[in-house]
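The shown structure was predicted, so the numbers you read here are calculated from the model rather than taken from an experiment. Computation of the quantities below employed the complete heavy-atom set of this structure, encompassing side-chain atoms and omitting hydrogens, waters and symmetry-equivalent molecules.
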Amino acid sequence: MSELGWGRHYVAVEPTHFRVDYVINPFMDPDVQPDPALAWRQWFDMVGTLRGLGAVVDVLPQRPDAPDMVYAMNLGLGVVRPGPDGPAPHVVMSHMRYPQRRMETRSAQPWFAEHGATTSYVGRDGVGAHLEAGDAFAFGDALVVGYGPRTEELALKHLATELGVRVRGLRITHPGMYHLDLAFCPLDDRRALVCPSALDDASAAALLDLVPEPLVLTEEEALTTFCANSVVVGRTVVMPSCPDRVRTQLEAWGFEVVVVDVSEFHKGGGSIRCLTNPVDITLGRDLPLVPGGEVVLPPE
């Protein structure tokens, strides 16, 4: 089995202003606030764990008016493009479904630009297609993108055309797994954590067909443990929690499981994957180039 080529360079946002000010997913309750000191400790533990595994983690400051900005995965889709002068980082900035989060990109875009990345948009300020990068994963022959609750189907065409890749769309229908990263976690080139309950029947079948060796999660496992919202560095899976059944299979496949408690961030509806954004997905290596792009959708 080949390890994932990506997942060794992340962007994260320090939780200086993390809180629950509104409700845009089923996990949020303004009457149940995170403990700021504990959230900081959990976040530092997570970042330290990733760095200890050899990953690079760059850190952005958090806007005071953007309490969800700590969920850095949704700032944008980072890729590395081949170019005449060598690899060139690029970020397709997210266009958040909810206006409560749209100001995040106004700080993130200049930060990415200052750190050497070109940037683009599929929509912005409420105009154009909605895209939230927590719905997008490089796996197999395509960029696998969930659409429905947050990302719009139209965004898939934009991504395919701009990046020159194949995009495989999956319809998300579960209100609690509103981003694909709550139901899907690539492990290597053949394996992934998959929760079919997040998708309609056709999309669930398409995803299970795409993954040669899926580790299928139940709806309860995905929603109560956030175990799909994990990241992989080489052969190490960094998880917020790991059901015994899942751990047994992962270890049988040769993975090491490292559990990092980020439960304070579950109060906002995200976990380790939501808190970290991989920016080292390389076009032509991790995603085959398809001139002009291509979108593949599940049957109606």
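Contact detail for Ala12 and Ala72: the closest heavy-atom pair is CA-CB, 3.9 Å. Considering all non-hydrogen atoms of both residues, Ala138 and Ile281 come closest at CB-CG2, 3.8 Å. Of all non-hydrogen atoms in Phe139 and Pro186, the two that sit nearest each other are CD1-CB, 3.7 Å. Residue Arg150 comes nearest to Arg97 through the heavy atom pair O-NE, 3.3 Å, listed as atom of the first residue, atom of the second, then distance. Shown here for Ala160 and Val295, the closest heavy-atom pair between the two residues is CB-CG2, 3.8 Å. Minimum interatomic distance between Ala183 and Ala198 (heavy atoms only, all atoms of both residues): CB-CB, 3.4 Å.
Contact check for Pro278 versus His9: no side-chain heavy atoms found under the 4.5 Å cut-off. A heavy-atom distance below 4.5 Å is found between the side chains of Leu217 and Val246. The shortest side-chain heavy-atom distance between Leu187 and Val237 falls under the 4.5 Å cut-off. Here the side chains of Leu199 and Leu207 are in contact, with some heavy-atom distance below 4.5 Å. In this structure, the side chains of Leu170 and Ile172 stay at 4.5 Å or more apart for every pair of heavy atoms. Side-chain contact between Cys195 and Thr218 is absent, with no heavy atoms from C-beta onward closer than 4.5 Å. Residues Thr118 and Pro89 are not in side-chain contact: their nearest non-hydrogen atoms beyond the backbone lie 4.5 Å or more apart. Contact annotation: the side chain of Phe112 never approaches that of Asp58 to less than 4.5 Å [non-hydrogen atoms, C-beta and beyond].
With sequence neighbours excluded, the residues satisfying side chain to side chain donor-acceptor pair (under 3.5 Å) with Gln109 are Thr119. Under the rule for a side-chain contact (heavy atoms from CB on, under 4.5 Å), the partners of Tyr22 that lie at least two apart in sequence or sit in another chain are Ile24, Met28, Pro67, Asp68, Gln100, Arg101. Among residues two or more places apart in sequence or in another chain, the side-chain contact (heavy atoms from CB on, under 4.5 Å) test is passed with His158 by Val122, Ala129, Leu154. In this structure, the side-chain contact (heavy atoms from CB on, under 4.5 Å) partners of Glu213, at least two apart in sequence or on a different chain, are Met1, Arg190, Arg191, Trp253. Under the rule for a salt bridge (charged side-chain N to carboxylate O under 4.0 Å, His left out), Arg124 has no partner lying at least two apart in sequence or in another chain.
Interatomic distance, CZ of Arg166 versus CD of Glu294, reported as 4.5 Å (0.5 Å rounding). Note: Asp125 CG to Met103 CE = 11.0 Å, rounded to the nearest 0.5 Å. Rounding to the nearest 0.5 Å gives a distance of 10.0 Å between CZ of Arg168 and CG of Asp209. Between the CG atom in Asp135 and the NE2 atom in His179 there is a gap of 5.0 Å [rounded to 0.5 Å]. Annotation: the span from Asp45 atom CG to Asp261 atom CG amounts to 8.5 Å, rounded to 0.5 Å. Annotation: the span from Phe184 atom CZ to Leu193 atom CG amounts to 9.0 Å, rounded to 0.5 Å.
Side chain of Asn277 to backbone of Tyr10: no donor-acceptor contact under 3.5 angstrom is found. Between the Glu3 side chain and the Asp188 main chain, no donor and acceptor come within less than 3.5 Å of each other. A donor-acceptor contact shorter than 3.5 Å is absent between the side chain of Arg171 and the backbone of Ala202. In this structure, Thr105 contributes its side chain and Arg102 its backbone to a donor-acceptor pair below 3.5 Å. Gln42 places a side-chain N or O within donor-acceptor distance of the main-chain N or O of Ser263, the cut-off being under 3.5 Å. Using modelled atom types, one side-chain atom of Asp280 and one backbone atom of Arg8 make a donor-acceptor pair closer than 3.5 Å. A donor-acceptor pair under 3.5 Å is formed between the side chain of Trp43 and the backbone N or O of Val13. Within the 3.5 Å criterion, the main-chain N or O of Asn74 finds a donor-acceptor partner in the side chain of Ser94. In this structure a side-chain-to-backbone donor-acceptor pair under 3.5 Å is missing from Thr236 to Glu256. A donor-acceptor contact shorter than 3.5 Å links the side chain of Asp286 to the backbone of Thr282.
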Kindly indicate, with the supporting measurements, whether the criterion side-chain contact (heavy atoms from CB on, under 4.5 Å) is fulfilled by Val194 and Leu208.
CA-CA 8 Å; Val194 178; Leu208 291 172; 4.0 Å; yes
List the steps, then state whether side-chain contact (heavy atoms from CB on, under 4.5 Å) holds for Leu163 with Arg81.
CA-CA 8 Å; Leu163 301 179; Arg81 285 172 149 164; 4.0 Å; yes
Does the side-chain contact (heavy atoms from CB on, under 4.5 Å) test come out yes or no for Leu159 and Val165, once each step is laid out?
CA-CA 8 Å; Leu159 289 172; Val165 300; 5.9 Å; no
Take Thr49 and Val47, measure what side-chain contact (heavy atoms from CB on, under 4.5 Å) needs, and give me the verdict at the end.
CA-CA 5 Å; Thr49 297; Val47 171; over 6 Å; no
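In this structure, Val57 is not a member of the same hydrophobic cluster as Val11, with clusters built from ILVMFWY side-chain heavy atoms closer than 4.5 Å. Note on Val290 and Leu156: separate hydrophobic clusters, where clusters join Ile, Leu, Val, Met, Phe, Trp and Tyr whose side-chain heavy atoms are under 4.5 Å apart, directly or indirectly. Residue Val238 is not grouped with residue Leu4 when hydrophobic side chains (ILVMFWY) are merged at heavy-atom distances under 4.5 angstrom, including chains of intermediate members. Both Trp6 and Val167 belong to a single network of hydrophobic side chains, linked directly or stepwise wherever heavy atoms of I, L, V, M, F, W or Y lie under 4.5 Å apart. In the hydrophobic clustering of this structure, Leu210 does not group with Met177; members are Ile, Leu, Val, Met, Phe, Trp, Tyr whose side-chain heavy atoms approach within less than 4.5 Å, directly or through other members.
Below 30°, between 30° and 60°, or above 60°: for Phe265 and Tyr71 the angle between ring planes is above 60°, a perpendicular geometry.
Under the 3.5 Å distance criterion, with hydrogens and angles disregarded, no donor-acceptor pair is assigned to the side chains of His130 and Thr151. His95 and Glu152 share no side-chain donor-acceptor pair at under 3.5 Å. No hydrogens or angles considered: nothing links the side chains of His17 and Asp65 as a donor-acceptor pair under 3.5 Å. Ser197 and His174 share no donor-acceptor pair across their side chains, judged by distance under 3.5 Å alone.
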Using residues 223-234 as the side-chain source, report each donor-acceptor pair under 3.5 Å to any protein atom, sequence neighbours left out, with the distance given to one decimal.
{"unit_1": "Thr224", "atom_1": "OG1", "unit_2": "Glu220", "atom_2": "O", "d": "2.6"}
{"unit_1": "Thr225", "atom_1": "OG1", "unit_2": "Glu221", "atom_2": "O", "d": "2.5"}
{"unit_1": "Thr225", "atom_1": "OG1", "unit_2": "Cys227", "atom_2": "N", "d": "3.1"}
{"unit_1": "Asn229", "atom_1": "OD1", "unit_2": "Ser271", "atom_2": "N", "d": "2.9"}
{"unit_1": "Asn229", "atom_1": "OD1", "unit_2": "Ile272", "atom_2": "N", "d": "3.3"}
{"unit_1": "Asn229", "atom_1": "OD1", "unit_2": "Arg273", "atom_2": "N", "d": "3.1"}
{"unit_1": "Asn229", "atom_1": "OD1", "unit_2": "Cys274", "atom_2": "N", "d": "3.1"}
{"unit_1": "Asn229", "atom_1": "ND2", "unit_2": "Asp181", "atom_2": "O", "d": "2.9"}
{"unit_1": "Asn229", "atom_1": "ND2", "unit_2": "Asp181", "atom_2": "OD1", "d": "3.3"}
{"unit_1": "Ser230", "atom_1": "OG", "unit_2": "Cys227", "atom_2": "O", "d": "2.6"}

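Heavy atoms from other residues, nucleotides or ligands lying under 6.0 Å from CG of Asp35 number more than 12. Atom NZ of Lys267 sits in a crowded spot, with more than 12 heavy atoms from other residues, nucleotides or ligands closer than 6.0 Å.
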